[in-house]
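Data block below; observations after.
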Number of protein chains: 2
Amino acid sequence: MASVQSRETTQTTTPRNRRGERARTIPEQIADHLGIAILNGEYKGGERISEQEVARLYASSRGPVREAIRALEKRGLVELFPRRGAWVVDITLDAIADIFNIRAVLLGLAARNVAARPDAPEAIAEMLSHCSGLRVQAARDDVDPVAFALAVGRTGGIMYRQCATPHLIRMLRDQNQGSLWGLIWRERPLDFFTAERRRETAQDWSDIAQAIAQRDGARAERVVRKALYDSRDGAMATLKVLRGETVDPAKFIRD
Amino acid sequence: MASVQSRETTQTTTPRNRRGERARTIPEQIADHLGIAILNGEYKGGERISEQEVARLYASSRGPVREAIRALEKRGLVELFPRRGAWVVDITLDAIADIFNIRAVLLGLAARNVAARPDAPEAIAEMLSHCSGLRVQAARDDVDPVAFALAVGRTGGIMYRQCATPHLIRMLRDQNQGSLWGLIWRERPLDFFTAERRRETAQDWSDIAQAIAQRDGARAERVVRKALYDSRDGAMATLKVLRGETVDPAKFIRD
DNA sequence: CATTGTAGAATTGTCGACATTCGACATTTG
DNA sequence: CAAATGTCGAATGTCGACAATTCTACAATG
């Protein structure tokens, strides 16, 4: 189990991590694998994570595991107490709703920043093309929700990578890979099950692209938020059925 | 130099880290000290940080230093490249403006969440009382900008600690201590130099508290953003004089 | 002259061992 | 009997050493 590429499997073809392209380090692999395990519920909320046990599990030592656990804390999946260890946070429906709300305001700010930049014509062109692709996908009735979610994510990525605010880009990118948001969005979509929702979302993103093209930052932000809030509500409805929990109505922010 | 409490200075009075209160670990101390050094410009942007050198400097070993450097990456002060090391990011005026903008949307979301919670009467009372204190301070003409900034920060803290979204609270708290925002706000205020700005800010926060008391989340968010944008512009004006740089006009988002 | 290839040096990644701390349980004391 | 104290086991924190990679300089070649 736990197929992390160990040290001694030194292949003749080196992993080709050329300048700039981040190599896939062992702590990263452990963090990803452990993170998905947490998100899959293999570790219950409140459970303690032992460094030694994880090290044994991945045939590694405690050093890389420590680093991986620190990374999971950064992603918000475990809580760390000095000299006491790491505990798995429990993923409530409220927390998931919060993630959507946070994503909404951050992505909204990114949209605003892109709209305020006069020097991003090729990004706008790329967005518009992606959005028409999105609409084409949405027009069909037999689209895989996972694939559609990925396409939507890519569209957002094209946008926020152009916002010229490194901090914000980093936050959004970190959220994408490995955190709660990443799982919700990529590995287990909770929305886009109906053709109507897919059409609606495709239309939203087209509106966003258009608003950016017209330099209307306020409108772009508004539509981004609306799109995310809609997805949040779709996800909440799904989860409510799946898990039978109730959600704090205060989380359902609008406009 | 670098007065980090080393391991061998085992005092007879143990640091009394009782249950829940986080102890001050050595990596944390190193990260804080190094972070402030970076923010003070003792490390130039683009400069490489050597683990061994830092370990020597703090009379520690490379393990804790590695952890400290990872923490600095989380705070956005260094950039990490696997197997290549850590580089200091350069702190441009654009980046500082970005931090204000990000803070504005996150704090705005927190305000909204507080306003949406019906069960926070004592927090609202505390906020209102703090805000009247703020107005009293602002009424005087000889207030220390640093003290005023701290008071404003406390008011915001009272608010967002009540927003009942752990992820958001964590993000805002982390930002407060040690990151770029923390320094800007606490150690080297860049706004609140004029009595007018202080009065304006005190009024803004009173408005925010009132909007929350009236459950008007949208208005609370609007005023939070306005307050932060005003501070951003004040800070930018100060920094433009101090450093003689220009700022990307696209950063000056409004409303 | 520019480019490529190759050593050597420096740095990061990993590992096992030891020191220290925390929590649980047993014991003692009022 | 309750509360405080002492002891013990297990986990985290720290350290030094080794392995692997990357960087730098320099030489060889077209």
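Residue numbers start from 1 in every chain, and the chains themselves are labelled A, B, ... in the order their sequence lines are given, proteins ahead of strands. It should be emphasised that the depicted structure is a prediction, and the values quoted were computed from it without experimental measurement.
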* Answer yes or no: does atom CD of B/Glu47 have more than 12 heavy-atom neighbours from other residues, nucleotides or ligands under 6.0 Å? => yes

* **hbond_proxy A/Arg62 side chain to D/dG13 base (donor-acceptor, 3.5 Å cutoff)** => yes

* To do: Using a cut-off of strictly less than 4.0 Å, decide whether B/Thr25 has a side-chain nitrogen or oxygen near OP1 or OP2 of D/dG13.
  => no

* When you measure from the side chain of A/Ser60, which nucleotide among C/dT14, C/dT12, C/dC15 comes out closest? -> C/dC15

* To do: Would you classify A/Arg56 as touching base, sugar-phosphate or nothing, given that sugar-phosphate means primed atoms plus P, OP1 and OP2, and contacts are heavy atoms under 4.0 Å?
  => nothing

* Of all the nucleotides listed (D/dA17, D/dT12, D/dT22), which has the minimum atom distance to the side chain of B/Arg83? -> D/dT22

* Asked: A/Arg84 has a side chain; which of D/dG13, C/dC22, C/dG13 sits nearest to it?
  -> C/dC22

* Quick one: label A/Ile49 by what it contacts on the DNA or RNA (base, sugar-phosphate, nothing), any heavy atom closer than 4.0 Å. => sugar-phosphate

* Asked: Out of C/dT11, D/dG13, D/dT12, which nucleotide sits closest to the side chain of A/Ser50?
  -> D/dT12

* What nucleotide, of D/dT12, C/dT12, C/dT14, holds the atom closest to the side chain of A/Pro64? -> C/dT14

* Asked: Is any side-chain N or O of A/Arg66 closer than 4.0 Å to OP1 or OP2 of D/dG13?
  -> yes

* Flag the pair B/Asp174 and B/Arg75 as a salt bridge only when some basic side-chain nitrogen lies within less than 4.0 angstrom of an acidic carboxylate oxygen. => no

* Among D/dT14, C/dC15, C/dC22, which is the nearest nucleotide to the side chain of B/Ser61? -> D/dT14

* To do: Could you check how far CD of B/Gln52 sits from C1' of C/dT11, rounded to whole Å?
  => 8 Å

* **B/Met171 to A/Leu106 - nearest heavy-atom pair and separation** => CE-CD1, 4.3 Å

* Asked: Looking at B/Asn176, B/Asn113, B/Thr165, which hits side chain to side chain donor-acceptor pair (under 3.5 Å) with B/Tyr160?
  -> B/Asn176

* Assign A/Gly85 to base, sugar-phosphate, or nothing according to its heavy-atom contacts below 4.0 angstrom with the strands shown. => sugar-phosphate

